[in-house]
Every structure is written in structure tokens, then in C-alpha cells.
Amino acid sequence: MSRAPLLPPTRPEYCVVACAEAWRDNGEILAAAMAPVSSFGARLAKRSFSPDLLLTDGEAMLVGLDGEVEGWLPYRRHLTMVTGGKRHVMMGASQIDRHGNQNISCIGDWSRPARQLLGVRGAPVNTLNNPVSYWIPKHSPRVFVERVDMVSGVGYDRAAAAGADRFHRIPRVVSDLGVFDFETPDRSMRLASLHPGVTVDQVRQATGFELVIGDDVPYTREPTAEELRLIREVIDPDGLRDREVRA
């Protein structure tokens, strides 16, 4: 019996693939993701083009492709992996600026913040000791800001100024509008690709600082038929991706 033709990929599915690409060719490291779409991306990467990736349940276990427990990962071992550069985490960001400084701590002045968030947590250690990418499901000028209210994750400019840039690297930022990197002379954020259906003007209007934008920005690569099958039937059959990103 022939399989019915696949429906075209949706915006959330492009986001899953864009997140997965962050772990391409990473080898045997821990892929730590903090949200549904980025977690689906890590699992897609392991199933497709980065089979050596290690996955975590986000708490205390290493898990396999189907979530089965493969080993214990206590906090002390997790920290050892971080300081040894054996982890590539994809964090979120309440604010992020042109050089990749990230804020998840508070909004407003530190002495009297308007809103308390998660706190700095492990962001400084993450960003200075192993690759850190970001997944931001709602791209807006309130998130992509000229200057973060507090630095939690360290960006390229501050890492260089502190002489702490030996292991610092931000491979990519993925949002619901496109993919961004820092492949510029001054390590400022560049629009690397647009998700289909998004325009450069939309990205500009949703960003609170001036992005580096080339003359011919490509589109984010389309999921393969097998990747679409994996996303829809194996990795996220309940469609949780559509709750995080508007289709």
C-alpha cells in the first residue's frame, strides 16, 4: 500500500530542523535542550545526522531515543561535563543582544526590577565553558534588545573583554522567524536564514537592534521526507511543537 503524500512542512517543523542543525557534527557530547522544540531538534539530530549525541531527560538521567534510561547522570557529573566542554546546551532567553549576551534573571534595573525571572542559574558557566545556542519561540523587540537588563549568559564582547573566550562559542540562535549566527568581524548577530514565509522586513521590525543582513539571505533548509516522518510520527506525534510556535 502506498503512503499518502506528506503535507508541506510547517513553521514549527522548520524550527525543529533549524534547532537540530545546531548539533550537526558535534560528536559524542551531551545535547541539553530546555524546551519542547529544541528537545525535538536534539532527538531529530541523533536520529538523523549526529548519532553519537547523548540525550538527557533534563533531570538526572541519560536517555535513549525512545526515552528509555541508559544511565545515571547526577548533578556533579553534569557539571564535570559542562566545565570540560562536553555539552552543547540550547537555552532560552528572556532578552538577548547583538553580541549574544543573554538575560534570564530580571527585567528592569537590578536594584529595583520590574519582574523577577529564573535567575542567573548556570548560564555563565555554560557560556564560558562549552557551546551554547539559543531557541526563542517568539521573536520580538522585547526579546532581541539593544542591551540586556542583566547579563546571565555571556556574549562575545564580554567574553573577549574578560579574556575568557577560549572555550566560548554561540553556534546559532533560532527563533520562530529565522536562524542567526555571529559570523561577522565584530561578532555581532547576523541573519543567517529566513524561515519560509518570513521576510527580511519582518525580522528587522521584530528586532530591537540593527542586525547584519546580507544581500541574499537564504531560506532555512526544508526538512527531508524522512525528517518530517520522524517529527510527525515518532518524535512529536502529539503535535506539541504547534503549541510552542504558531503554525
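In what follows, every heavy atom counts, from backbone to side chain, and hydrogens, waters and symmetry copies are set aside.
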Checking the side chain of [X] only, and the main-chain atoms of [Y] only, is there a donor and an acceptor separated by less than 3.5 Å?
X      : Y      : answer
Ser50  : Trp23  : yes
His168 : Ala160 : no
Arg87  : Leu30  : no

So for atom [atom1], which belongs to [X], do other residues, nucleotides or ligands contribute more than 12 heavy atoms lying within a distance under 6.0 Å?
X      : atom1 : value
Glu28  : CD    : no
Glu146 : CD    : yes
Tyr219 : OH    : no

Legend entry - Flag for Asp201-Thr199: side-chain donor and acceptor within less than 3.5 Å: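 No donor-acceptor contact under 3.5 Å links the two side chains.
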Legend entry - N-O pairing of Asp97 and Arg147 below 4.0 Å: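 No, this pair does not count.
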Legend entry - N-O pairing of Arg241 and Glu244 below 4.0 Å: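 A salt bridge is absent here (no side-chain N lies under 4.0 Å from a carboxylate O).
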Which pair of heavy atoms, one from [X] and one from [Y], lies closest together, and at what distance?
X      : Y      : answer
Pro196 : Arg11  : O-NE, 3.9 Å
Val132 : Pro171 : O-CD, 3.3 Å
Gln116 : Ser105 : NE2-O, 3.1 Å
His88  : Ser133 : NE2-OG, 2.9 Å

Legend entry - Positive for side chain to side chain contact (heavy atoms under 4.5 Å, CB included) with His195, one of Val203, Val245, Val179: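 Result for side chain to side chain contact (heavy atoms under 4.5 Å, CB included) with His195: Val179.
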Legend entry - Euclidean distance, Glu21 CD relative to Phe49 CZ, rounded to 0.5 Å: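 It comes to 4.0 Å.
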Could you tabulate the donor-acceptor pairs under 3.5 Å formed by side-chain atoms of residues 31-45, not counting sequence neighbours?
from  : atom 1 : to    : atom 2 : distance (Å)
Ser38 : OG     : Ala35 : N      : 3.2
Ser38 : OG     : Ala35 : O      : 3.1
Ser39 : OG     : Ala35 : O      : 2.8

Legend entry - Worked verdict on Arg229 versus Val234 for side-chain contact (heavy atoms from CB on, under 4.5 Å): CA-CA 7 Å; Arg229 186 192 70 79; Val234 179; 4.0 Å; yes
